[in-house]
Trainee: 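Below you'll find the structure I mean.
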Amino acid sequence: MSTAATPSSSSAPTAHVRVIASPQSWVEGEAVRQLEAMARLPGMRMAVGLPDLHPGKGAPVGAAFTSEGFLYPYLVGNDIGCGMGLFDVDLPVRKAKPERWASKLDLEGPWSGDADGFLAEHDVKPAGFEAALGTVGGGNHFAEVQRVDAVHDVAVFAALGLAADRLLLLVHSGSRGLGEAILRAHVDRHAAGGLVEDSAEARTYLTRHDHAVAWGRANRALVARRMLDGIGAVGRRVLDVCHNSVTPLKVDGRKQWLHRKGAAPHDEGPVVIPGSRGALSYLVMPVGDGTGSAHSLAHGAGRKWTRTAARERIRERFTAESLTRTSFKSHVVCENKDLLFEEAPPAYKPIDRVVTDLVEAGLVRVVATLAPVLTYKTRAKVE
DNA sequence: ATGTTC
């Protein structure tokens, strides 16, 4: 296949590799080996590991890559357009009813409204996956009602229209089956190989990719709408950032491709970096020019234990019931026990260390910390 | 991550 550049064609010079993590942000050796393997792909210029770097399926998660001449769908992964949406909720913290909300919120199954119409309002064409529009999905995805823990940058916080006594809603989800179908169509032909820039196949992939990114953003907006409907509130989108994507980039007048695989943008304004579901989330403002980190930031705490290891270790130490409450006294709706164990806080690195690494690398300033009130993961399906 | 076992 003339359009494919495969990982085995390793004659290309190795790209610059950088891992932005202090020794305290322990990074698994396998993740670094994966980063170095990706750096040997043809056309690769930079491979950057962020402090949440951890091993993935071939390509590491928590990383950003720049390339010339080729782009690599495999480096974006299956959940094209996955990201974080933050919404300002028109409800004071004192009106929070986490227990009541936990007992009744249900976002399983298709939205009862007009999904195509909702997409049209967001200028997104239907994709054939609308039954999943407005659903959270699995893995580390969630929708979480939060309160403000502390404000560190009053000016930026106020400029975003936020208030310390008002609830927030953070949605982590992506393009569900759509991104998966797009990657599968690519992998069927090219495996982990890339596409030659400007080839017909590259153009087709990029068109589908951009659609999935827009669909994912609309999905987060609909997840937010369903959550807000469930708690009897309305909200305003404060920010929405994608952490799985490939986008064009100009470097010294040359065209490059910036791949983000679990990496938040450094060049799109403020972002939220969530901890585990029993930890703070950080609202941060990028600082500096971002070139040293491929214009990217950590996208979360990063997994410390594999899902398999987490299931075994956490099942030994905690009951499922105890994991539905956190050290913040927040509630977790996760009626899939395996998922509850896989996603338990000890399976993740401490988010404060990850954010401190970004601050010390001169990449962000902390604007505020947000504490969980109610996390929605999944409701048991009724047969 | 995944209309996750077509």
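The figures here come from the full heavy-atom set of this structure, side chains too, leaving out hydrogens, waters and symmetry mates. First the proteins, then the strands, lettered A, B, ... as listed; each starts at 1. This one's a predicted model, so the numbers in the text were calculated from it and none came from an experiment.
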Trainee: Quick one: list whatever passes salt bridge (charged side-chain N to carboxylate O under 4.0 Å, His left out) with A:Arg217, sequence neighbours left out.
Mentor: A:Asp240
Trainee: Among residues 56-65 of chain A, which ones have heavy-atom contacts with DNA chain B below 4.0 Å?
Mentor: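 Close to the strand, none.
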Trainee: Could you go through nucleotides 3-6 of chain B and list every protein N or O atom that sits under 3.5 Å from one of its N or O atoms, giving the distance for each pair?
Mentor:
from, atom 1, to, atom 2, distance (Å)
B:dG3, OP1, A:Gly177, N, 3.3
B:dG3, OP2, A:Arg176, NH1, 3.2
B:dG3, OP2, A:Gly177, N, 2.6

Trainee: With sequence neighbours excluded, what pairs up with A:Arg315 under the salt bridge (charged side-chain N to carboxylate O under 4.0 Å, His left out) test?
Mentor: A:Asp338
Trainee: Over how many whole Å does the gap from A:Asn78 atom CG to B:dT2 atom C1' extend?
Mentor: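 Spelled out: CG on A:Asn78 to C1' on B:dT2 is 6 Å.
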Trainee: For A:Arg353, what residues pass the salt bridge (charged side-chain N to carboxylate O under 4.0 Å, His left out) criterion, not counting sequence neighbours?
Mentor: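 Here the qualifying residues are A:Asp357, A:Glu360.
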Trainee: Excluding sequence neighbours, so at least two apart, what forms salt bridge (charged side-chain N to carboxylate O under 4.0 Å, His left out) with A:Arg311?
Mentor: A:Glu342
Trainee: Counting any heavy atom closer than 4.0 Å, what does A:Gly77 reach on the DNA or RNA strands: base, sugar-phosphate only, or nothing?
Mentor: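 Nothing, no heavy atom under 4.0 Å.
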Trainee: List the atom pairs, donor and acceptor, that lie under 3.5 Å between side-chain atoms in residues 264-284 of chain A and the rest of the protein, sequence neighbours left out.
Mentor:
from, atom 1, to, atom 2, distance (Å)
A:His266, NE2, A:Val287, O, 2.8
A:His266, NE2, A:Leu363, O, 3.3
A:Asp267, OD1, A:Arg260, NH2, 3.3
A:Ser276, OG, A:Gly278, N, 3.3
A:Arg277, NE, A:Glu144, OE1, 3.1
A:Arg277, NH1, A:Gly275, O, 2.5
A:Arg277, NH2, A:Glu144, OE1, 3.1
A:Arg277, NH2, A:Glu144, OE2, 3.0
A:Ser281, OG, A:Gln146, NE2, 3.3

Trainee: Less than 3.5 Å apart, which donor and acceptor atoms pair up between the side chains of residues 121-132 of chain A and the rest of the protein, not counting sequence neighbours?
Mentor:
from, atom 1, to, atom 2, distance (Å)
A:Glu130, OE1, A:Ala127, N, 3.3
A:Glu130, OE1, A:Gly128, N, 2.8
A:Glu130, OE2, A:Ala127, N, 2.7
A:Glu130, OE2, A:Trp215, NE1, 2.8

Trainee: Test of understanding: with ring-ring contact (aromatic ring centres under 6.0 Å, His included), list the residues that count as partners of A:His172, not counting sequence neighbours.
Mentor: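 ring-ring contact (aromatic ring centres under 6.0 Å, His included) list for A:His172, sorted by chain: A:His141, A:Phe142, A:His243.
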Trainee: Can a salt bridge be assigned to the pair A:Lys349 and A:Asp52 using a cut-off of 4.0 Å between side-chain N and carboxylate O?
Mentor: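 The answer is no: the pair does not qualify as a salt bridge.
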